[in-house]
Number of protein chains: 2
Amino acid sequence: MLNLKGIAEELGLSVSTVSRAINNTGRISEETRKKVLEAAKRYNYIPNDIARSLRSKSGNSVGIIASDMINSFYANVIKGAQSVLRENGFTLFVCNSDEDTQLEQEALETLLSKQICGLILASVGEDSESIRQLIKLGTPVVLIDNIPDDLEGFDSVSIDNINAAIKLTDQLIEHGYQKIGMISGPMSQSTGHDRYLGFKIAMGKAGLPMREDWVVKGDFKKPSGRQAMRRLLSLDAPPEAIVVANNYMAYGAIGVLKEKGLAVPGDMAVVAFDAIDDTGLISPKITSMNQDPLEIGIQAATILLDKINNGQSKKIYRNLILKPSLYDGESW
Amino acid sequence: MLNLKGIAEELGLSVSTVSRAINNTGRISEETRKKVLEAAKRYNYIPNDIARSLRSKSGNSVGIIASDMINSFYANVIKGAQSVLRENGFTLFVCNSDEDTQLEQEALETLLSKQICGLILASVGEDSESIRQLIKLGTPVVLIDNIPDDLEGFDSVSIDNINAAIKLTDQLIEHGYQKIGMISGPMSQSTGHDRYLGFKIAMGKAGLPMREDWVVKGDFKKPSGRQAMRRLLSLDAPPEAIVVANNYMAYGAIGVLKEKGLAVPGDMAVVAFDAIDDTGLISPKITSMNQDPLEIGIQAATILLDKINNGQSKKIYRNLILKPSLYDGESW
DNA sequence: TTGAAAGCGCTAACAT
DNA sequence: ATGTTAGCGCTTTCAA
């Protein structure tokens, strides 16, 4: 495996000439260009991207930090972003934060040390310190999923979670449910906070009672959904329907119901966020308000690329609000 | 954002002294070490990993190429690998090949240009050219999932697919099924080929007839599973049970059955490979022979790290055969 | 059209 | 204990 210098020596040319031939830059005779390209192929030359970006001070990689790529929601976000990025010659570093602030911070530093030129971030919590730091460094960031309240001056791709939660709750209300509870996410995240807020608004609008013990806080992971459902079922008067703030908690909650032989929605109706079913075999089909994760990834990557390529657009912040779609399942 | 030189100037020291302080290498006075570390923190210094690995000729990233990380099987493999790698200071480049040879090749070149020092590869097809090339370059490779027959001299983590398929088929046979078909994968991949072989062996052993039209070849993706099932159902005498070579094709196949109002396993029994259900809500629960994807990722990464760190072990090839486990579901 | 030379940020001999 | 120097592989002025 040769490098530029190797090829240059082999051909009796200078490194710069070979570089120009390979990058098709600057003036060069057709003859030598041919010769170089042929040699490059013969020797299976692969440019050292590390050296290239060190020298030219312009990397071609971006990072993404999400809580868990096992979650098909994030997996799809990543896939969407990756497709756009690859088409544009960028590579994507994927990091998991596992809903952990510490890991998120570590991932951030790793990515920065890798000289990423952009970041897609589904942040945990509201701590904006690390993010502010990024912005100062001039690294473009696009936030997705969780958009901390106190963060103005960022780009983001998200949905109107408040309204989405209102509509989702309305589904239950329209079907005659009155005793409605919620398994919410952490209030420190906009997805948790706003969806809870929407739920509250919808309930108030309909004149329905909000009962403290009908709202159980989870951490967006499956076990917390199970735990929350057990808590609800242990109440003297459990709700007859619940709104769940994300897919995994809903899987946990419904799992508990099924195990106890309770019917969904007969004994308890369940609606959720982002419970898209890739397999098509989940039963009952969960009525859910869905963000389009692929689209989120695509849009986030597109904004990022624009900021990277367009120096001017760096100071223009875009807050893209996508429309979630309601999947009308059988769980209510 | 300062670099080493910046900090050196700021402190009136030489670059090398600062470097030594930060890397805690070589002799240095406690006093200056303190001073440097403090300054590094003050200026939010983050080492440029690109420059570092260019200089020291030793990268700290490895790549993984899998067909589709939306598939929770691969997602888990990636997660397992990532956990081991991160603990050891390595980062992971994730590439999708989408079961496409062309994309796999592209991903390979991208990764090589990124100077990865190791690769975990779930290859598509039997074309070993690109892989042989890698080996010559001295880049350690661990193959997973699909182990091309003609590739000796590689490390790999896999299962005994032939035996696994025999056992899976035996499940059906033991439950009295005689008219058994298969939705197989591409024969060019060991997972496709060996699972088909195992099926054939089990059938022969039991003295059951192998009918040509009861074996439909798919491409491991969901639509091909749907198509295959439609084909089977269109036969004059469809099989009464089928073995499906992977999870996604099984989802497609069962989906078709459910849509037609056919019962599983009443009208057709279905068993499959790797149909692990993260949600716990898939119905019917699919009887399946499961590799432990997390473990595969962990083992693959461990082998890779050993090869990277241990020059001597480079020429010792390990072919780890993990035990798959049978999940006893309700689909037969 | 081509070559020589500088230098990206860092590490590691070698020198002091 | 610290500084000086060379150079990783590449791009990019500047000269020729």
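Predicted model, so just to flag it, every value in this text is computed and none were measured.
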Exercise for the section: Whole angstrom is fine here: how far is it from CD in A:E9 over to P in D:dC10? Expected result: 12 Å
Practice task
Spell out, as yes or no, whether a donor-acceptor pair under 3.5 Å connects the side chain of B:S72 to the backbone of B:A75.
Solution key: no
I'd like a list of close polar pairs between nucleotides 12-16 of chain D and the protein, N/O only, cut-off under 3.5 Å.
unit_1, atom_1, unit_2, atom_2, d
D:dT12, O4', A:R55, NH2, 3.4

Exercise for the section: Remember a base hit wins even if backbone is also touched, and classify B:R52 as base, sugar-phosphate or nothing at under 4.0 Å, heavy atoms. Expected result: sugar-phosphate
Handout entry: Donor on one side chain, acceptor on other, A:Y74 and A:D145, under 3.5 Å
Key = yes
Fill in the blank from the handout: The bend of the helix from C:dT1-D:dA16 to C:dT16-D:dA1, taken between the axes of its five terminal pairs at each end and rounded to 10°, is 50°
Exercise for the section: May I have the distance from B:K114 (atom NZ) to D:dC8 (atom P), rounded to whole angstrom? Expected result: 22 Å
Fill in the blank from the handout: Sequence neighbours excluded, the answer for ring pair (Phe, Tyr, Trp, His ring centres under 6.0 Å) partners of B:F93 is A:F93
Problem - Between A:N146 and A:S123: side-chain donor-acceptor atoms closer than 3.5 Å - result: no
Practice task
Kindly point out which of D:dC10, D:dT2, D:dT11 is positioned nearest to the side chain of A:Y45?
Solution key: D:dC10
Problem - Pairwise 5' ranking along DNA chain D for B:R33 and A:D49, keeping only the more 5' one - result: B:R33
Practice task
Write down the atom of B:V142, the atom of B:I303, and the distance for their closest heavy-atom approach.
Solution key: CG2-CG2, 3.8 Å
Exercise for the section: Using a cut-off of strictly less than 4.0 Å, decide whether A:N48 has a side-chain nitrogen or oxygen near OP1 or OP2 of D:dC10. Expected result: no
Exercise for the section: Under 4.0 Å between any heavy atoms, over every strand shown, what does A:G6 touch: base, sugar-phosphate, or nothing? Just pick one. Expected result: nothing
Exercise for the section: Describe the nucleic acid contact of B:T32 in one word from base, sugar-phosphate, nothing, applying a heavy-atom distance below 4.0 Å. Expected result: sugar-phosphate
Practice task
Specify the residue among B:L13 and A:A51 whose closest nucleotide of DNA chain D lies further upstream toward the 5′ end.
Solution key: B:L13
Exercise for the section: Check for a donor-acceptor pair, side chain of B:E104 on one end and backbone N or O of B:V124 on the other, with a separation under 3.5 Å. Expected result: yes
Fill in the blank from the handout: Nt span of DNA chain C in reach of chain B heavy atoms at under 4.0 Å, 5' end first, is C:dG9 to C:dA13
Handout entry: Those residues that, when tested against B:D98, pass side-chain hydrogen bond (donor to acceptor under 3.5 Å, both in side chains) (two or more places apart)
Key = none
Problem - Pairwise side-chain contact, B:V36 with B:R20, heavy-atom cut-off 4.5 Å (strictly under) - result: no
Exercise for the section: Verify the distance criterion only: is there a donor paired with an acceptor across the side chains of B:S16 and B:S19 at less than 3.5 Å? Expected result: no
Exercise for the section: Quickly work out the A:I50 CD1 to D:dT11 P distance and round it to whole Å. Expected result: 13 Å
Completion exercise
Distance col, row A:D49:CG vs A:L54:CG, nearest 0.5 angstrom, shows 11.0 Å
Completion exercise
Taken in chain and number order and not counting sequence neighbours, the residues that satisfy side-chain hydrogen bond (donor to acceptor under 3.5 Å, both in side chains) with A:E109 are A:Q105
Problem - Sugar-phosphate only, base, or nothing, as touched by B:I28 at under 4.0 Å among non-hydrogen atoms - result: sugar-phosphate
